[in-house]
Asker: 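Sharing a structure here in structure tokens format.
Being a predicted model, the structure only gives us computed values, none of them experimental. Chain naming here is simple, since letters A, B, ... match the order of the sequence lines and numbering starts at 1 in each.
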Protein chains: 2
Amino acid sequence: MQYLKIKDAINQQINTGILQIGHKLPAERKLAESFNTTRITLREALALLESEGKIYREDRRGWFVSPPALIYDPNYTTEFAAMAIAQDRKPHSVLLSAQLIHANQHIATLLNITTNDSVYRIERLRSLDSRPVVVVTNYILPEFFPDLLKHDITHSLTVTYREHYQRIYTKTRFRISTTSLNGNTASALRATAGSPAMFVERLNYDQHDNLIDCDLEYWRHDAIRIESLATLSSACLHKTTQKKMS
Amino acid sequence: MQYLKIKDAINQQINTGILQIGHKLPAERKLAESFNTTRITLREALALLESEGKIYREDRRGWFVSPPALIYDPNYTTEFAAMAIAQDRKPHSVLLSAQLIHANQHIATLLNITTNDSVYRIERLRSLDSRPVVVVTNYILPEFFPDLLKHDITHSLTVTYREHYQRIYTKTRFRISTTSLNGNTASALRATAGSPAMFVERLNYDQHDNLIDCDLEYWRHDAIRIESLATLSSACLHKTTQKKMS
DNA sequence: TAGTGGTCTAGACCACGGT
DNA sequence: CCGTGGTCTAGACCACTAA
């Protein structure tokens, strides 16, 4: 269990500040040499630290010490920028793509439409303190938002919805699971394919209880911590609520 | 990118039912041979499938096809057994330990007490269809539950609270993050140290708004999918709510 | 006891990033 | 262009599981 010792040693260097947040770790070959081991074993230790959220990888660039996670409250998280600023982080958004497309099977099921129907798909990459942390893809029902693409869609959809269409998010049905990053999502996040990820899927409703859009979010898993307050209801409601979403 | 092809090939065997839920995959050496590669590369592919939640490992026993995840709603999840049964799963609980201890620093902070104070610590291992999926550790304030250990604590604390102490969970503050399994927790789950995990931390309040206990849950990450309905509040409440928990 | 997974060695080549 | 990380080879020994 050599790699456990290596993990602990690196961990301690992080905790004592020898390795600082955001800084790059030494090259794998150098680390391997300094721990008197091979790259394979060293990478075992690094993978462990990665899965604990202590360090992260940028594809072909190396390993870095993770910044603190963003606290994400599904009850309030309609505006990424506001959430980031409230936590003293610098948010940034880039529009990756925006177009009207046909829904695929998964989206059609989520939005309760058919694969013949059109939806707006808006893909954005969001960063915290210059580190890309999440790819968000929104699928939006055009019937509620005609000519949506003429407005600002790079920053807050919430604001555009409210100011141009008088629609406000009031309810969100969300799912959270873990998975890994792949393909374009991984590239956008500058992550190696296969990096661990937190996957958040949300169905959003307006003030009239219309389902107006859904979004799929792939987070670098160390960049997010879900945190919220739940008011418990009686257990009998349980089953019916769940059936609807599955 | 050989390991991606191997991953896809195994994935397809799972999807087409050649490998069935709960069944063990062939030995690593045999898989490696059949894909004409080495164990290291094969294990790269297996690790990817593991991080996607398609397969899981039992320490020194091999790789198995993952059953569907349990849907976990923080708004209703006060009884593991009820939740499992509602989803046609067979729940099982084992008491790992139960004693009165001094709070450590983390627990003291969570429960708003000092490290001199005593709390009940109850550790339970919970299984679905004979597969251990989560280690739950409860830390309970004795002032609200004198002589707690005289009652049944293996199954539902909720029920014991209600029937013997007239206290009902009404509010839960929860946190969700990803981490890896280690030490006793990994062993109890029959998992290899370092396996990916979902970590759920909850603070529970009774009908009089007393904080009565907290619990730390380490889930096999493929065994759980968080799913809930959030009613959105105005953004200004956001900051104050978050500060309290961090 | 045989076979398995857990761990480790000692290399190698390539494509890409940064200089 | 050099150094890096990404990927891969071809083994090895050990402790443990399952028979």
Asker: Less than 4.0 angstrom between a side-chain N/O of A:T192 and OP1 or OP2 of D:dG5, yes or no?
Answerer: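 The answer is no; no side-chain N or O of A:T192 sits under 4.0 Å from OP1 or OP2.
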Asker: So which heavy atom on A:R126 is nearest to which on A:S93, and how close?
Answerer: NE-OG, 2.9 Å
Asker: Ignoring backbone atoms, test whether A:Y3 places a side-chain nitrogen or oxygen under 4.0 Å from the OP1 or OP2 oxygen of C:dC8.
Answerer: no
Asker: Is any side-chain N or O of A:Q2 closer than 4.0 Å to OP1 or OP2 of C:dT9?
Answerer: yes
Asker: With a 4.0 Å cutoff (strictly under), does any side-chain N or O of B:T37 reach OP1 or OP2 of D:dC8?
Answerer: no
Asker: What about B:R39: does its side chain form a donor-acceptor pair under 3.5 Å with the base of C:dG6?
Answerer: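 Indeed, a donor on one side and an acceptor on the other fall under 3.5 Å apart.
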Asker: Just call it for A:R60: base, sugar-phosphate, or nothing, with non-hydrogen atoms closer than 4.0 Å on any strand.
Answerer: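 It contacts base atoms.
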Asker: Whether B:T38 contacts D:dG11 is assessed here as follows: a side-chain N or O lying under 4.0 Å from the phosphate OP1 or OP2. Is that the case?
Answerer: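 Looking at the OP1 and OP2 atoms of D:dG11, neither is under 4.0 Å from any side-chain N or O of B:T38.
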Asker: Mind checking what makes side chain to side chain contact (heavy atoms under 4.5 Å, CB included) contact with A:E28, not counting sequence neighbours?
Answerer: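 A:R39, A:L42, A:R43, A:L46, A:W63.
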Asker: Between atom CD in A:E44 and atom P in C:dG6, what is the gap in whole Å?
Answerer: 10 Å
Asker: Out of B:N138, B:V200, B:V133, B:I176, which residue meets the side chain to side chain contact (heavy atoms under 4.5 Å, CB included) rule with B:E217?
Answerer: B:V200
Asker: Nearest whole angstrom, please: distance from the P of C:dT7 to the CZ of B:R57.
Answerer: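 The distance from CZ of B:R57 to P of C:dT7 comes to 8 Å, rounded to the nearest Å.
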Asker: Please verify the inter-ring angle class for A:Y72 with A:W219; under 30° counts as parallel, over 60° as perpendicular, anything in between as tilted.
Answerer: perpendicular
Asker: What integer distance in Å separates B:L31:CG from C:dG5:C1'?
Answerer: 12 Å
Asker: Check whether any side-chain N or O of B:K24 sits under 4.0 Å from OP1 or OP2 of C:dG5, and answer yes or no.
Answerer: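 Yes, because at least one side-chain N or O of B:K24 sits under 4.0 Å from OP1 or OP2 of C:dG5.
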Asker: Under the 3.5 Å rule, do the base of D:dG5 and the side chain of A:R29 count as making a donor-acceptor pair?
Answerer: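 Per atom types, the contact qualifies.
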Asker: Could you walk me through whether A:N184 and A:E123 pass the side chain to side chain contact (heavy atoms under 4.5 Å, CB included) test, one step at a time?
Answerer: CA-CA 11 Å; A:N184 294 337; A:E123 269 187 306; 5.8 Å; no
Asker: Would one find a side-chain N or O of B:K30 under 4.0 angstrom from OP1 or OP2 of C:dT4?
Answerer: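 Yes, B:K30 has a side-chain N/O under 4.0 Å of OP1/OP2 on C:dT4.
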Asker: Rounded to the nearest angstrom, tell me the gap between atom CG in A:L42 and atom P in D:dT4.
Answerer: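 Result: 13 Å.
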Asker: For the pair made of CZ in B:F35 and P in D:dT7, what is the distance, rounded to whole Å?
Answerer: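 Nearest whole value for this atom pair: 18 Å.
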Asker: In whole Å, what is the span from the CE atom of A:M1 to the C1' atom of D:dA15?
Answerer: 11 Å
Asker: Figure out the CZ/C1' separation between B:R43 and D:dT7, and round it to whole Å.
Answerer: 16 Å
Asker: Within this structure, what is the CD-to-P distance between B:E28 and C:dG6, rounded to whole angstrom?
Answerer: 6 Å
